[in-house]
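Have a look at the structure below before the remarks.
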Amino acid sequence: MTIVQRQMRAGVYPPVGRCIYCGADGDRSELKIEHIIPGGLGGRLELPASSCLRCEQETHAVEGRVLGHIYGISRAQLGVRREKKGKANWPSTFPLTMADAAGESAVQVVTEEHPALLRMINWPPAGALAGAELDDSGIKGAMMSGSSIKPGLVRKTAKVHRGKRVFLTTKTKVTVDDFARFLAKIGHSFAVAERGLGTFTPCLINAVLNEPPTHLASLVGGSIVPTPAAPDLHEIELREEITRRHTLLVVRIQLFADIGIVDPNGAITPMPSYDVVAGLAPRS
């Protein structure tokens with residue numbers, strides 16, 4: 001099986017020497033490397049000595065749910081490297097559900113020919129970017145959609161299994177809050193890597209650690225910045241947004257930025273991007 005490996009730019013930041021989530025210190029052997037975007041998605045930006053074991057377990061649990069249920073088979077189809085060397089090779093086949101009048105059945109399809117579903121979740125921009133008061137009532141108006149990475153494979157697979165319909169579903173065990181917390185962890189760790197711990201007032205720690213109030217709807221949402229074409233596997237950048245009361249540090253995240261979403265008419269649109277309000281910057 002040959003899959004082209006797709007990766008983002010690599011970078012290693014200076015070690016922090018303290019947990020960027022709970023503040024626990026200790027010698028560097030007790031603090032773990034934080035992969036800003038998970039290695040399971042091909043992320044290669046590292047922040048050494050920055051996460052204690054307890055916080056690492058919490059962030060890894062959320063990452064595991066998102067990687068398994070949101071991206072799943074699509075990571076293999078897209079050729080994203082796996083994080084652990086012992087899991088370097090993807091299986092040669094993956095299951096696919098077929099449906100006809102008699103019901104549903106599962107078949108094994110060679111990975112390169114599997115019409116893997118790439119899920120997208122969209123919801124309104126973070127309320128804080130509009131100067132709204134912090135709100136902990138939860139994210140509203142979220143919509144999940146899905147697109148086959150290679151739509152032609154859907155038709156090809158259906159043709160092979162005559163009389164049956166390829167069944168792609170957007171159902172998942174992951175909640176929108178899980179995905180928002182996943183983005184919050186990326187945003188917080190990137191802001192610390194770029195600006196330094198203690199240089200801004202963080203906003204996302206409760207969201208990352210799932211300790212109320214999380215203010216997810218106020219701090220994480222769809223990007224207000226237009227999404228251009230991008231050459232990197234994942235795009236991430238930090239900017240400042242000035243509101244009436246604060247200067248906000250905002251991290252823009254676009255996962256799988258170098259591919260487009262193909263609609264039934266063949267039109268291609270960029271993958272969604274998200275704005276994460278990582279913290280408050282000192283006002284000059």
Side-chain angles (χ1 to χ4, degrees), residues 7-25 28 31-52 55-56 58-60 62-63 66 83 125-126 128-129 179-209 215-216 218-228 230-243 246-258 271-284:
Q7 298 179 350
M8 72 176 295
R9 67 187 185 278
V12 179
Y13 291 90
V16 178
R18 181 179 294 273
C19 180
I20 65 174
Y21 306 112
C22 72
D25 57 9
R28 292 184 180 178
L31 294 169
K32 309 299 182 182
I33 295 174
E34 185 60 274
H35 294 87
I36 293 171
I37 293 177
L41 284 184
R44 303 178 68 197
L45 298 177
E46 298 180 357
L47 186 60
S50 61
S51 181
C52 71
C55 291
E56 183 191 50
E58 180 64 33
T59 57
H60 276 202
V62 175
E63 288 177 348
V66 170
E83 186 171 8
L129 292 174
F179 189 64
R181 290 181 58 211
F182 171 79
L183 295 173
K185 174 261 173 186
I186 294 174
H188 175 71
S189 58
F190 186 69
V192 171
E194 288 287 310
R195 290 295 180 96
L197 190 65
T199 65
F200 63 95
T201 303
C203 295
L204 295 167
I205 291 175
N206 280 22
V208 174
L209 299 180
H215 296 139
L216 285 172
S218 298
L219 302 174
V220 185
S223 182
I224 62 174
V225 175
T227 303
D232 210 354
L233 174 59
H234 308 300
E235 290 292 325
I236 185 167
E237 60 185 18
L238 181 68
R239 71 179 192 274
E240 292 187 359
E241 288 281 344
I242 299 176
T243 69
H246 302 291
T247 299
L248 306 177
L249 283 182
V250 182
V251 178
R252 177 180 169 274
I253 303 165
Q254 186 185 23
L255 302 175
F256 297 110
D258 64 342
M271 289 290 289
S273 57
Y274 306 91
D275 280 337
V276 176
V277 181
L280 308 180
R283 302 201 86 160
S284 56

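For the numbers below, each heavy atom of this structure counts, side chains included, while hydrogens, waters and symmetry mates do not.
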How many angstroms lie between atom CD of Glu34 and atom OG of Ser51, to the nearest 0.5 angstrom?
5.0 Å

Determine yes or no for a side-chain-to-main-chain donor-acceptor pair under 3.5 angstrom, with His215 supplying the side chain and Asn206 the backbone.
no

Nearest heavy-atom contact between Leu183 and Val276 is O-CG2, 3.8 Å

So, the side chain of Lys185 versus the backbone of Ile36: is there a donor-acceptor pair under 3.5 Å, distance only?
yes

Could you measure the distance from the CZ atom of Phe182 to the CD1 atom of Ile37? Nearest 0.5 Å is fine.
7.5 Å

Shortest non-hydrogen contact between Cys19 and Cys52, atoms and distance:
SG-N, 3.5 Å

First locate atom CE of Met271, then atom CD of Gln254, and finally report the distance between them rounded to the nearest 0.5 Å.
8.0 Å

Between Tyr13 and Glu194: side-chain donor-acceptor atoms closer than 3.5 Å:
yes

Looking at CG of Leu248 and CG of Leu280, how far apart are the two atoms once the value is rounded to the nearest 0.5 Å?
6.0 Å

Using the rule given for side-chain contact (heavy atoms from CB on, under 4.5 Å), can you reason through His234 versus Phe256, listing the C-alpha separation, both sets of side-chain angles and the distance that settles it, and then say yes or no?
CA-CA 5 Å; His234 308 300; Phe256 297 110; 4.0 Å; yes

Minimal heavy-atom distance between Leu45 and Ala10, with the atoms involved, is CD2-C, 4.1 Å

Apply the test side-chain contact (heavy atoms from CB on, under 4.5 Å) to residues Phe200 and Val192: give CA-CA distance (whole Å), side-chain angles for both, the deciding distance (0.1 Å), then the verdict.
CA-CA 9 Å; Phe200 63 95; Val192 171; 4.0 Å; yes

Are Glu240 and Arg195 within salt-bridge range, i.e. N to O under 4.0 Å?
yes

Going by an N to O cut-off under 4.0 Å, is there a salt bridge joining Glu58 and Arg181?
yes

Ala24 to Leu31 - nearest heavy-atom pair and separation:
O-CD2, 4.1 Å

If you take all heavy atoms of Gly23 and Arg18, which pair is closest and at what distance?
O-NH1, 2.7 Å

State, with a plain yes or no, whether a side-chain heavy atom of Val12 is found less than 4.5 Å away from one of Pro48.
yes

Please report the closest heavy-atom contact between Val225 and Ser223, naming both atoms and the distance.
N-OG, 3.1 Å

From OG (Ser189) to CD1 (Ile236), nearest 0.5 Å
6.5 Å

Inter-residue atom distance Ile186.CD1 - Leu41.CG, 0.5 Å rounding:
7.5 Å

Charged N to carboxylate O under 4.0 angstrom, Asp232 versus Arg44?
no

Got a donor-acceptor contact below 3.5 angstrom from the Asp275 side chain to the Val250 backbone?
no

Determine the interplanar angle of the His188 and Tyr21 rings, folded into 0 to 90°, and report it as parallel if under 30°, tilted if 30 to 60°, perpendicular if over 60°.
tilted

Expected output: side-chain His246 to main-chain Ala128 donor-acceptor under 3.5 Å
no

